[in-house]
*Asks:* 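The structure that follows is given in the form of structure tokens.
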Amino acid sequence: MKQLIIIIYIVLQGAVVFAQKEKKYIHNGNKLYQQQKYAEAEASYRQSVEKTKESVAGNFNLGDALYKQKKFENAAQKFTEIASSSENKAVKAQAYHNLGNSLLENKKLEESIEAYKKSLINNPKDDQTRYNLAYAQEKLKQQQQQDKNNKDKNKDKKDQDKKDKDKQNKDKKDQDKKDQDKDQKDKDKKDQDKKDQQGQQPQPDKLSKEDAERMLEALKNEEKNTQDKLKNKKAKGVKGRIVKDW
């Protein structure tokens, strides 16, 4: 992380007091920054920019202190303001460099790449910025590949889920058909068993032709026997009187 400390040369006599206070707060902030007391350093830098809002050193170091506290959104905003307002190429290059770092830490890879490119436009010889640019580009490439893999994986999962669901539906339909066929077979068997049972039971009200003929023949035979018995009885008759011949 680059920290830019710029000494402001005060030309106007009326601004000497403010300049001295600004430098005092910046100097104090730098000491706290070196001691890794970043929150206290931030407070001191803020006091410096309250005295002189256009203070490049105060604003730049304030951005650094915010970055160290992982306040990447606030740091990015501060470095953007510096890069946009400064006409000094060295300041712009370092502001864009730190802006790129803040965006990179915030996972805004494409924006960080653009910031590093702008830094190199203002200082093409900065190897650290070039390295950070290459790093951000590689991270972006990895992220895009990972996104593609996740998308493909999600598509494969959806396809597999659809296949599984289709198979479940087919299996259910097949099972339903088997159950229906079984129910129909059971019903047919019950109907057949009932018919068979009815066929085996005697039918009292219905006689076959053969049975009727046998019964008629039996009646005839019984009647003939009865007639024969009556005839025999008449033939024997009652004993008559015997007339003696005197």
Side-chain angles (χ1 to χ4, degrees), residues 1-140:
M1 187 70 184
K2 293 185 177 181
Q3 184 182 27
L4 180 65
I5 302 176
I6 299 177
I7 299 175
I8 305 298
Y9 292 96
I10 305 301
V11 178
L12 299 176
Q13 187 66 30
V16 171
V17 176
F18 288 105
Q20 288 177 345
K21 287 185 177 181
E22 175 204 351
K23 289 170 65 175
K24 176 184 174 183
Y25 288 127
I26 291 175
H27 180 70
N28 185 53
N30 291 344
K31 286 175 60 177
L32 294 168
Y33 187 96
Q34 294 298 325
Q35 295 171 11
Q36 299 184 357
K37 297 179 180 180
Y38 302 119
E40 295 176 44
E42 175 194 344
S44 187
Y45 292 139
R46 286 192 184 280
Q47 286 180 310
S48 74
V49 297
E50 283 177 4
K51 300 300 179 183
T52 309
K53 296 186 182 299
E54 295 80 14
S55 171
V56 176
N59 282 293
F60 200 103
N61 293 355
L62 174 58
D64 284 344
L66 291 168
Y67 179 93
K68 286 294 187 179
Q69 296 175 81
K70 300 186 184 303
K71 298 179 180 179
F72 302 121
E73 285 286 349
N74 294 335
Q77 182 179 355
K78 183 58 63 177
F79 292 128
T80 299
E81 291 173 0
I82 297 169
S84 300
S85 62
S86 179
E87 298 296 330
N88 186 302
K89 281 198 167 188
V91 173
K92 290 175 77 72
Q94 293 184 75
Y96 277 124
H97 176 97
N98 286 1
L99 173 59
N101 290 351
S102 301
L103 293 168
L104 182 64
E105 290 290 349
N106 225 15
K107 309 301 181 185
K108 298 181 179 181
L109 298 177
E110 293 184 3
E111 293 177 50
S112 72
I113 289 170
E114 291 304 313
Y116 290 135
K117 287 180 178 179
K118 289 179 180 179
S119 177
L120 288 171
I121 290 173
N122 287 279
N123 184 10
K125 296 180 180 181
D126 191 332
D127 291 335
Q128 187 178 356
T129 302
R130 190 174 290 105
Y131 170 82
N132 287 9
L133 173 60
Y135 177 82
Q137 289 172 329
E138 180 61 26
K139 293 292 288 184
L140 178 60

*Asks:* For R130 versus D127, what's the shortest heavy-atom pair and its separation?
*Replies:*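 Between these two residues, the closest heavy atoms are NH1-OD1, 2.9 Å.
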
*Asks:* Give a yes or no on whether the backbone of Y116 and the side-chain of T129 come within a donor-acceptor separation of less than 3.5 Å.
*Replies:*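 The answer is no, because no donor-acceptor pair under 3.5 Å joins these two groups.
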
*Asks:* Working to the nearest 0.5 angstrom, can you tell me the gap between K92 NZ and S85 OG?
*Replies:*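 Those atoms lie 7.5 Å apart.
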
*Asks:* Hey, what do you get for CD (Q77) to OG (S102), rounding to the nearest 0.5 Å?
*Replies:*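 Taking CD in Q77 and OG in S102, the distance rounds to 11.5 Å.
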
*Asks:* Roughly how far, to the nearest 0.5 Å, is the CG atom of L62 from the CD1 atom of I82?
*Replies:*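 Reported value, rounded in 0.5 Å steps: 8.0 Å.
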
*Asks:* CG of L104 to CG of L99: how many Å apart, nearest 0.5 Å?
*Replies:*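 Here the rounded value is 11.0 Å.
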
*Asks:* When you look at CZ of F72, are more than 12 heavy atoms from neighbouring residues, nucleotides or ligands closer to it than 6.0 Å?
*Replies:*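 Atom CZ in F72 is packed in, count exceeds 12.
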
*Asks:* Taking S119's backbone N and O only, do any of them form a donor-acceptor pair with N123's side chain (distance below 3.5 Å, no angle check)?
*Replies:*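 Absent.
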
*Asks:* Heavy atoms, side chains only, cut-off 4.5 Å: are F60 and Q94 in contact?
*Replies:*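 Heavy-atom side-chain distance check passes, below 4.5 Å.
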
*Asks:* Please enumerate all residues that pass side-chain hydrogen bond (donor to acceptor under 3.5 Å, both in side chains) together with K71, with sequence neighbours excluded.
*Replies:*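 Partners of K71 under the side-chain hydrogen bond (donor to acceptor under 3.5 Å, both in side chains) test: E42.
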
*Asks:* Under the criterion side chain to side chain donor-acceptor pair (under 3.5 Å), which of N30, D64, N59, N28 is the partner of Y45?
*Replies:*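 When side chain to side chain donor-acceptor pair (under 3.5 Å) is applied between Y45 and each of N30, D64, N59, N28, only N30 qualifies.
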
*Asks:* How far does CD of E22 sit from OG1 of T52, to the nearest 0.5 angstrom?
*Replies:*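 E22 atom CD to T52 atom OG1 measures 4.0 Å (nearest 0.5 Å).
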
*Asks:* With the side chain counted from C-beta on, respond yes when F79 and N101 share a heavy-atom pair under 4.5 Å apart, and no when they do not.
*Replies:*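 No. Closest side-chain heavy atoms not under 4.5 Å.
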
*Asks:* With L140, which residues qualify under side-chain contact (heavy atoms from CB on, under 4.5 Å), at least two apart?
*Replies:*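 Per chain and number, L140 pairs via side-chain contact (heavy atoms from CB on, under 4.5 Å) with L109, E110, I113, Q143, Q144.
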
*Asks:* Name all pairs fulfilling the salt bridge (charged side-chain N to carboxylate O under 4.0 Å, His left out) condition that reach into residues 81-91, sequence neighbours left out, sorted by first residue then second.
*Replies:*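 Applying salt bridge (charged side-chain N to carboxylate O under 4.0 Å, His left out) to every pair that reaches into residues 81-91, excluding sequence neighbours, yields K78-E81.
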
*Asks:* Who pairs with Y96 by side-chain hydrogen bond (donor to acceptor under 3.5 Å, both in side chains), at least two apart in sequence or on another chain?
*Replies:*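 Y96 satisfies side-chain hydrogen bond (donor to acceptor under 3.5 Å, both in side chains) with no other residue.
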
*Asks:* How many angstroms lie between OH in Y33 and CD in Q36, if you round to the nearest 0.5 Å?
*Replies:*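 Between atom OH of Y33 and atom CD of Q36 there are 9.5 Å.
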
*Asks:* Only counting residues at least two apart or in another chain, list the ones meeting side-chain hydrogen bond (donor to acceptor under 3.5 Å, both in side chains) with N74.
*Replies:*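 Not a single residue meets the side-chain hydrogen bond (donor to acceptor under 3.5 Å, both in side chains) criterion with N74.
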
*Asks:* Compare every heavy atom of V49 with every heavy atom of G58, then report the nearest pair and how far apart it is.
*Replies:*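 Closest pair (atom of G58, atom of V49, distance): C-CG1, 3.6 Å.
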
*Asks:* For N106, check side-chain hydrogen bond (donor to acceptor under 3.5 Å, both in side chains) against everything at least two apart and list the hits.
*Replies:*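 Listed in chain order: E73.
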
